[in-house]
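Below is one structure, written out as C-alpha coordinates; comments come after it.
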Amino acid sequence: MSVSDDPRRVRFQSPEYLVDRLDAIAELVDKDRTNLLVEAIREYIEDTADSETFQELVATKYYDGQLEFETVKQLVGAKTAQRLRLLKADLEDEPLDLAAPDDVDVYDGDITTVDDDR
(Lines give C-alpha, C1' and ligand atoms only; values in the text may rest on other atoms or scores of the structure.)
Protein backbone atom coordinates (compact mmCIF):
# COMPACT_ATOMS: atom_id res chain seq x y z
CA MET A 1 0.00 0.00 0.00
CA SER A 2 1.24 3.44 -0.79
CA VAL A 3 0.25 6.75 0.67
CA SER A 4 -0.89 9.20 -1.99
CA ASP A 5 -2.92 12.37 -2.13
CA ASP A 6 -3.96 11.59 -5.70
CA PRO A 7 -7.74 11.41 -5.86
CA ARG A 8 -9.35 8.06 -6.60
CA ARG A 9 -12.92 7.75 -7.75
CA VAL A 10 -14.96 5.59 -5.39
CA ARG A 11 -18.52 4.60 -6.02
CA PHE A 12 -20.82 3.33 -3.30
CA GLN A 13 -24.47 3.23 -2.48
CA SER A 14 -25.97 4.96 0.51
CA PRO A 15 -29.49 5.32 1.86
CA GLU A 16 -31.12 8.32 0.20
CA TYR A 17 -31.87 10.09 3.49
CA LEU A 18 -28.13 10.16 4.34
CA VAL A 19 -27.27 11.71 0.98
CA ASP A 20 -30.07 14.27 1.44
CA ARG A 21 -28.76 15.21 4.91
CA LEU A 22 -25.20 15.38 3.61
CA ASP A 23 -26.26 17.65 0.77
CA ALA A 24 -28.16 19.91 3.20
CA ILE A 25 -25.08 20.17 5.42
CA ALA A 26 -22.83 20.82 2.41
CA GLU A 27 -25.09 23.64 1.28
CA LEU A 28 -25.30 25.10 4.79
CA VAL A 29 -21.51 25.20 5.29
CA ASP A 30 -20.83 26.05 1.65
CA LYS A 31 -18.75 22.93 0.97
CA ASP A 32 -18.82 20.26 -1.63
CA ARG A 33 -20.33 16.83 -0.82
CA THR A 34 -17.09 15.08 -1.72
CA ASN A 35 -15.05 17.25 0.64
CA LEU A 36 -17.43 16.48 3.50
CA LEU A 37 -17.27 12.76 2.77
CA VAL A 38 -13.47 12.77 2.63
CA GLU A 39 -13.32 14.73 5.90
CA ALA A 40 -15.74 12.30 7.57
CA ILE A 41 -13.79 9.27 6.35
CA ARG A 42 -10.49 10.79 7.51
CA GLU A 43 -11.89 11.51 10.99
CA TYR A 44 -13.38 8.02 11.25
CA ILE A 45 -10.10 6.39 10.27
CA GLU A 46 -8.11 8.51 12.75
CA ASP A 47 -10.56 7.78 15.57
CA THR A 48 -10.57 4.07 14.76
CA ALA A 49 -6.78 3.84 14.49
CA ASP A 50 -6.41 5.54 17.90
CA SER A 51 -8.86 3.12 19.53
CA GLU A 52 -7.22 0.70 21.98
CA THR A 53 -9.63 -2.06 20.92
CA PHE A 54 -8.71 -1.60 17.27
CA GLN A 55 -4.97 -1.55 18.01
CA GLU A 56 -5.33 -4.76 20.03
CA LEU A 57 -7.14 -6.40 17.11
CA VAL A 58 -4.42 -5.30 14.68
CA ALA A 59 -1.70 -6.54 17.06
CA THR A 60 -3.37 -9.92 17.52
CA LYS A 61 -3.80 -10.45 13.79
CA TYR A 62 -0.23 -9.29 13.12
CA TYR A 63 1.24 -11.60 15.77
CA ASP A 64 -0.81 -14.48 14.34
CA GLY A 65 0.58 -13.80 10.86
CA GLN A 66 -2.75 -12.66 9.43
CA LEU A 67 -1.49 -9.14 8.60
CA GLU A 68 1.68 -8.00 6.86
CA PHE A 69 3.77 -5.22 8.37
CA GLU A 70 2.92 -2.74 5.58
CA THR A 71 -0.78 -3.26 6.23
CA VAL A 72 -0.25 -2.74 9.96
CA LYS A 73 1.57 0.51 9.15
CA GLN A 74 -1.42 1.72 7.12
CA LEU A 75 -3.86 0.75 9.87
CA VAL A 76 -2.14 2.16 12.98
CA GLY A 77 0.66 4.39 11.70
CA ALA A 78 4.39 3.91 11.35
CA LYS A 79 5.34 4.49 15.00
CA THR A 80 2.86 2.00 16.46
CA ALA A 81 3.59 -0.49 13.69
CA GLN A 82 7.32 -0.35 14.46
CA ARG A 83 6.59 -0.95 18.15
CA LEU A 84 4.46 -3.97 17.23
CA ARG A 85 7.21 -5.29 14.96
CA LEU A 86 9.75 -5.08 17.78
CA LEU A 87 7.38 -6.79 20.22
CA LYS A 88 6.65 -9.52 17.67
CA ALA A 89 10.38 -10.11 17.19
CA ASP A 90 10.77 -10.41 20.97
CA LEU A 91 7.92 -12.91 21.13
CA GLU A 92 9.46 -14.98 18.33
CA ASP A 93 12.95 -15.06 19.90
CA GLU A 94 14.05 -18.18 21.65
CA PRO A 95 14.09 -17.79 25.42
CA LEU A 96 17.47 -17.40 27.02
CA ASP A 97 19.00 -20.69 28.09
CA LEU A 98 19.42 -19.86 31.74
CA ALA A 99 19.79 -22.40 34.50
CA ALA A 100 17.27 -22.35 37.30
CA PRO A 101 18.43 -20.26 40.25
CA ASP A 102 20.18 -22.02 43.08
CA ASP A 103 18.33 -22.32 46.34
CA VAL A 104 20.47 -19.70 48.03
CA ASP A 105 19.57 -17.73 51.12
CA VAL A 106 20.10 -14.22 49.78
CA TYR A 107 19.66 -12.75 53.26
CA ASP A 108 22.34 -15.04 54.70
CA GLY A 109 20.07 -15.93 57.61
CA ASP A 110 19.81 -12.30 58.77
CA ILE A 111 16.09 -11.62 58.83
CA THR A 112 14.68 -8.33 60.06
CA THR A 113 11.02 -7.95 60.96
CA VAL A 114 9.02 -4.77 61.17
CA ASP A 115 6.30 -4.25 63.76
CA ASP A 116 3.20 -2.69 62.30
CA ASP A 117 1.78 -1.09 65.46
CA ARG A 118 -0.07 2.01 64.38
Side-chain angles (χ1 to χ4, degrees):
M1 293 184 166
S2 66
V3 177
S4 173
D5 286 338
D6 294 337
R8 178 187 290 180
R9 181 171 298 276
V10 177
R11 183 177 171 183
F12 64 94
Q13 293 184 339
S14 172
E16 189 174 341
Y17 78 93
L18 288 177
V19 175
D20 291 343
R21 288 184 73 189
L22 180 65
D23 287 343
I25 293 169
E27 185 175 330
L28 179 68
V29 298
D30 196 28
K31 286 192 175 182
D32 162 286
R33 177 196 298 164
T34 298
N35 290 341
L36 290 179
L37 284 170
V38 169
E39 184 179 321
I41 292 168
R42 184 178 292 118
E43 286 179 18
Y44 174 81
I45 290 171
E46 287 173 3
D47 290 347
T48 300
D50 288 342
S51 156
E52 186 176 326
T53 303
F54 181 76
Q55 289 189 14
E56 288 173 2
L57 176 63
V58 170
T60 299
K61 291 192 177 280
Y62 178 57
Y63 296 152
D64 288 345
Q66 297 175 36
L67 290 176
E68 296 294 323
F69 178 73
E70 290 301 316
T71 303
V72 172
K73 207 160 66 169
Q74 287 294 317
L75 292 170
V76 295
K79 184 177 178 180
T80 300
Q82 184 62 27
R83 183 177 52 82
L84 293 176
R85 180 169 30 191
L86 292 171
L87 289 171
K88 182 178 182 182
D90 281 347
L91 291 171
E92 291 173 346
D93 275 348
E94 291 295 320
L96 298 174
D97 188 20
L98 300 175
D102 294 331
D103 192 14
V104 175
D105 183 1
V106 294
Y107 297 105
D108 199 23
D110 187 20
I111 299 175
T112 304
T113 60
V114 176
D115 290 331
D116 193 19
D117 296 331
R118 290 185 196 182

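None of these values were measured; they are calculated from a predicted model. Nothing fancy with the numbering, it's 1 onward along the sequence. Hydrogens, waters and symmetry mates play no part in the numbers below; they use all other heavy atoms, side chains included.
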So, using side chain to side chain contact (heavy atoms under 4.5 Å, CB included) as the criterion, who are the partners of [X] when residues are at least two apart?
X	result
P7	none
D47	none
Y44	T48
L28	none

Side chains of residues 52-69: which donor-acceptor pairs under 3.5 Å do they make with residues two or more places apart or in other chains?
residue	atom	partner	partner atom	Å
Q55	NE2	A49	O	2.8
T60	OG1	E56	O	2.9
K61	NZ	Q66	OE1	3.2

Between K73 and A81 the two heavy atoms that sit nearest each other are CA-CB, 3.6 Å
For [X], which residues count as a side-chain hydrogen bond (donor to acceptor under 3.5 Å, both in side chains) partner, sequence neighbours excluded?
X	answer
D6	S4
E16	none
E46	none
R83	none

Is V19 isolated, or which residues cluster with it under the ILVMFWY side-chain rule of less than 4.5 Å, directly or via members?
none
Sorted by chain and residue number, the salt bridge (charged side-chain N to carboxylate O under 4.0 Å, His left out) partners of E39 (sequence neighbours excluded) come out as K31
Tell me every residue that passes salt bridge (charged side-chain N to carboxylate O under 4.0 Å, His left out) with R33, counting only those two or more places apart in sequence or in another chain.
D23
